Visitor: 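Let me begin by handing over the structure; questions about it come next.
In this text, all values refer to a predicted model and were calculated from it rather than measured experimentally. Labels below follow one simple rule: chain letters A, B, ... track the order of the sequence lines, proteins then strands, and each chain is numbered from 1.
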Protein chains: 2
Amino acid sequence: MPKEVLFDEETVLKKATALFLNKGYNGTSMDDLTKATGLSRSSLYNSFGDKHSLFMRCLVYYQAGEHGALTEVVSNIASPVKRIKAAFRYLVDVILKSGTRNGCLIVNTTAELATVDKEVCEFVFRNTDIIEHLFTQWVKEAQQQGEISKTFTPTAIARHLFNTYVGLRISEQSNPDKKFLDDIVKVALSVLV
Amino acid sequence: MPKEVLFDEETVLKKATALFLNKGYNGTSMDDLTKATGLSRSSLYNSFGDKHSLFMRCLVYYQAGEHGALTEVVSNIASPVKRIKAAFRYLVDVILKSGTRNGCLIVNTTAELATVDKEVCEFVFRNTDIIEHLFTQWVKEAQQQGEISKTFTPTAIARHLFNTYVGLRISEQSNPDKKFLDDIVKVALSVLV
DNA sequence: CTATATCTGGAATGATTATTCCAAACAATA
DNA sequence: TATTGTTTGGAATAATCATTCCAGATATAG
């Protein structure tokens with residue numbers, strides 16, 4: 001019988017993800033990854049395939065983590081508008097508390113690879129679609145419950161919210177200041193009336 | 001007397017900028033740059049210093065170009081609100097017409113290098129400040145002329161506009177669709193009332 | 001034409017890249 | 001305890017990276 005794997009796959013993914021988040025795909029070398037994860041080259045290639053495969057695994061892992069955190073934050077908020085506001089307040093909070101100002105792995109990856117990497121392009125597109133649908137659902141609820149007007153379609157508002165999110169993930173890197181981010185959220189969410 | 005330079009510096013910068021815009025800083029090699037510009041390695045190093053210096057030159061060149069195009073678009077629009085709307089309409093137009101979906105060099109660079117490259121970080125911060133001030137000026141005018149209410153400070157609205165801009169530059173890469181971008185602009189600019 | 005000062009092409013360098021390979025280590029079964 | 005199939009560490013490889021260097025090309029000034 002085979003020798004068991006000694007490392008925890010999720011721990012490795014977490015560390016690799018942190019590295020990619022900080023330095024980007026092209027800025028991170030396999031050498032960096034071995035040092036950060038503590039694994040040897042062989043183990044890394046054996047368990048995750050090549051660099052690109054490992055990166056895709058990190059993207060999925062990151063996506064699941066973010067999605068999980070978000071749904072947990074809004075889990076017991078009945079009002080859809082309050083849900084949206086809580087989500088953005090939480091986002092700004094995470095940005096300020098992390099202190100790293102690395103942005104979002106998916107947003108950064110969009111900027112770095114979306115036009116040159118087909119697999120990444122597809123992932124990013126699917127991700128956009130998922131978030132758009134989540135937001136659309138929330139806005140639809142809000143309109144049905146009369147919390148906000150029906151001036152705009154749920155989709156249009158959802159897309160604006162998505163755009164505000166990705167914008168914040170860039171803005172946090174170009175001007176990591178609480179007032180700056182608070183201003184953005186305050187004005188952007190003022191459309192929810 | 002020395003032999004004159006045979007190539008046009010601006011042409012070289014334009015081609016290098018296009019390459020960096022498409023593949024990012026780390027994704028672009030000096031070999032790529034020699035092929036795209038037609039210059040030899042020596043000429044490139046002689047005229048622009050190392051890769052990083054050339055990149056910074058490209059950033060400045062790109063910034064000037066974008067700023068020039070924007071100010072030209074709004075040059076003879078008296079109403080500040082119409083100026084803002086025209087700017088965003090122009091942006092979506094450029095995005096759709098270019099067809100390349102490469103985003104904005106400065107936004108992409110923010111995502112790729114802002115946390116690891118001090119010089120880039122400073123450039124990006126200054127750029128953010130410039131745009132914020134430009135938008136703030138426009139909003140201030142709009143409020144003074146009574147075009148929009150004084151519910152929010154000019155700075156807050158300007159920051160939201162900035163955020164919408166950088167968001168669009170990511171969104172165009174994750175979902176390059178006219179309706180998608182139009183929806184974003186429509187809702188985001190609805191705060192100008 | 002000659003001299004000069006700079007530009008230019010391409011080879012050379014040394015560091016770093018991703019990836020492969022293999023012998024040794026190892027845990028679990030028989 | 002011997003065998004088995006996998007993991008593991010580190011060396012080896014081949015490609016690519018940014019950068020340097022130098023001999024020859026070239027345009028101007030005298």
Side-chain angles (χ1 to χ4, degrees), chain A residues 1-59 105 108-109 112-113 116-120, chain B residues 1-59 61 105 108-109 112-113 116-120 123:
Chain A
M1 269 294 173
K3 178 183 172 184
E4 275 179 1
V5 187
L6 294 181
F7 55 86
D8 178 32
E9 203 171 60
E10 190 179 328
T11 309
V12 174
L13 279 179
K14 192 176 291 182
K15 291 185 176 178
T17 301
L19 211 55
F20 281 129
L21 182 56
N22 182 242
K23 317 209 319 176
Y25 177 74
N26 285 318
T28 304
S29 69
M30 288 302 286
D31 220 52
D32 294 333
L33 288 164
T34 59
K35 280 170 190 159
T37 59
L39 294 197
S40 69
R41 277 170 172 67
S42 331
S43 304
L44 224 44
Y45 276 92
N46 230 318
S47 311
F48 301 96
D50 62 8
K51 185 187 175 187
H52 193 267
S53 304
L54 172 57
F55 182 69
M56 294 309 295
R57 288 283 306 272
C58 288
L59 273 182
L105 181 62
N108 291 356
T109 301
E112 189 185 1
L113 302 175
V116 292
D117 188 318
K118 198 180 176 185
E119 214 173 330
V120 162
Chain B
M1 270 290 173
K3 179 184 173 183
E4 274 179 3
V5 187
L6 293 181
F7 55 87
D8 178 31
E9 202 171 61
E10 190 178 328
T11 309
V12 174
L13 280 180
K14 192 176 291 182
K15 291 186 175 177
T17 301
L19 212 54
F20 281 129
L21 180 57
N22 181 241
K23 317 213 313 179
Y25 178 73
N26 285 318
T28 304
S29 69
M30 288 301 287
D31 220 52
D32 293 333
L33 288 164
T34 59
K35 279 169 190 162
T37 60
L39 293 196
S40 69
R41 272 173 235 291
S42 333
S43 305
L44 223 44
Y45 276 91
N46 229 320
S47 311
F48 301 97
D50 62 8
K51 185 187 175 185
H52 194 266
S53 303
L54 171 58
F55 181 69
M56 294 308 296
R57 287 284 306 272
C58 288
L59 273 182
Y61 173 76
L105 181 63
N108 291 356
T109 301
E112 188 185 2
L113 301 175
V116 292
D117 188 318
K118 200 179 174 184
E119 213 173 331
V120 163
F123 175 89

Visitor: Measure the distance from CZ on A/F7 to P on C/dA25 and round it to the nearest whole Å.
Guide: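 Rounding to the nearest Å, CZ of A/F7 and P of C/dA25 are 20 Å apart.
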Visitor: Considering only heavy atoms and no angle criterion, is a donor-acceptor pair shorter than 3.5 Å present between the side chain of A/R41 and the base of C/dT20?
Guide: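 No, no donor-acceptor pair under 3.5 Å.
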Visitor: Could you give me the CA-CA distance, side-chain angles and deciding distance for A/Y25 and A/V120, then say whether side chain to side chain contact (heavy atoms under 4.5 Å, CB included) is met?
Guide: CA-CA 11 Å; A/Y25 177 74; A/V120 162; over 6 Å; no
Visitor: Just compare C/dT8, D/dT7, D/dT20 and give me whichever is closest to any side-chain atom of B/Y45.
Guide: D/dT20
Visitor: Looking at residues at least two apart in the chain, or sitting in another chain, which of them share a salt bridge (Lys or Arg N to Asp or Glu O under 4.0 Å) with A/K51?
Guide: none
Visitor: Is it the case that the side chains of A/S53 and A/D50 hold a donor-acceptor pair, with the cut-off being a distance below 3.5 Å and no angle test?
Guide: yes
Visitor: Near DNA chain D, counting only heavy atoms under 4.0 Å, which residues of residues 23-36 of chain B show up?
Guide: B/T28, B/S29, B/M30
Visitor: Considering only residues two or more places apart or on different chains, which pairs with a residue in residues 24-33 of chain B satisfy salt bridge (charged side-chain N to carboxylate O under 4.0 Å, His left out)?
Guide: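 Residue pairs with at least one partner in residues 24-33 of chain B: B/K23-B/D32, B/D31-B/K35, B/D31-B/R41.
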Visitor: Could you tell me how far apart A/L44 (CG) and D/dT8 (C1') are, to the nearest whole angstrom?
Guide: 12 Å
Visitor: Spell out, as yes or no, whether a donor-acceptor pair under 3.5 Å connects the side chain of A/E112 to the backbone of A/N26.
Guide: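 At least one qualifying donor-acceptor pair exists.
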Visitor: Tell me: CG of A/N46 to P of C/dC22, nearest whole Å?
Guide: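 The distance from CG of A/N46 to P of C/dC22 comes to 14 Å, rounded to the nearest Å.
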Visitor: Does D/dT7 have OP1 or OP2 sitting under 4.0 Å from an N or O in the side chain of A/S42?
Guide: no
Visitor: D/dC17 C1' sits how many Å from B/K51 NZ, rounded?
Guide: 8 Å
Visitor: Using whole Å, what does the distance between atom C1' of nucleotide C/dT17 and atom NE2 of A/H52 come to?
Guide: 16 Å
Visitor: Roughly how far, to the nearest 0.5 Å, is CG of A/L33 from OH of A/Y45?
Guide: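 Here the interatomic distance stands at 9.0 Å.
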Visitor: Could you state the CZ-P distance from B/F48 to C/dT8, rounded to the nearest angstrom?
Guide: 11 Å
Visitor: In terms of the nearest nucleotide of DNA chain D, which residue is placed more toward the 5' end: A/S40 or B/D50?
Guide: A/S40
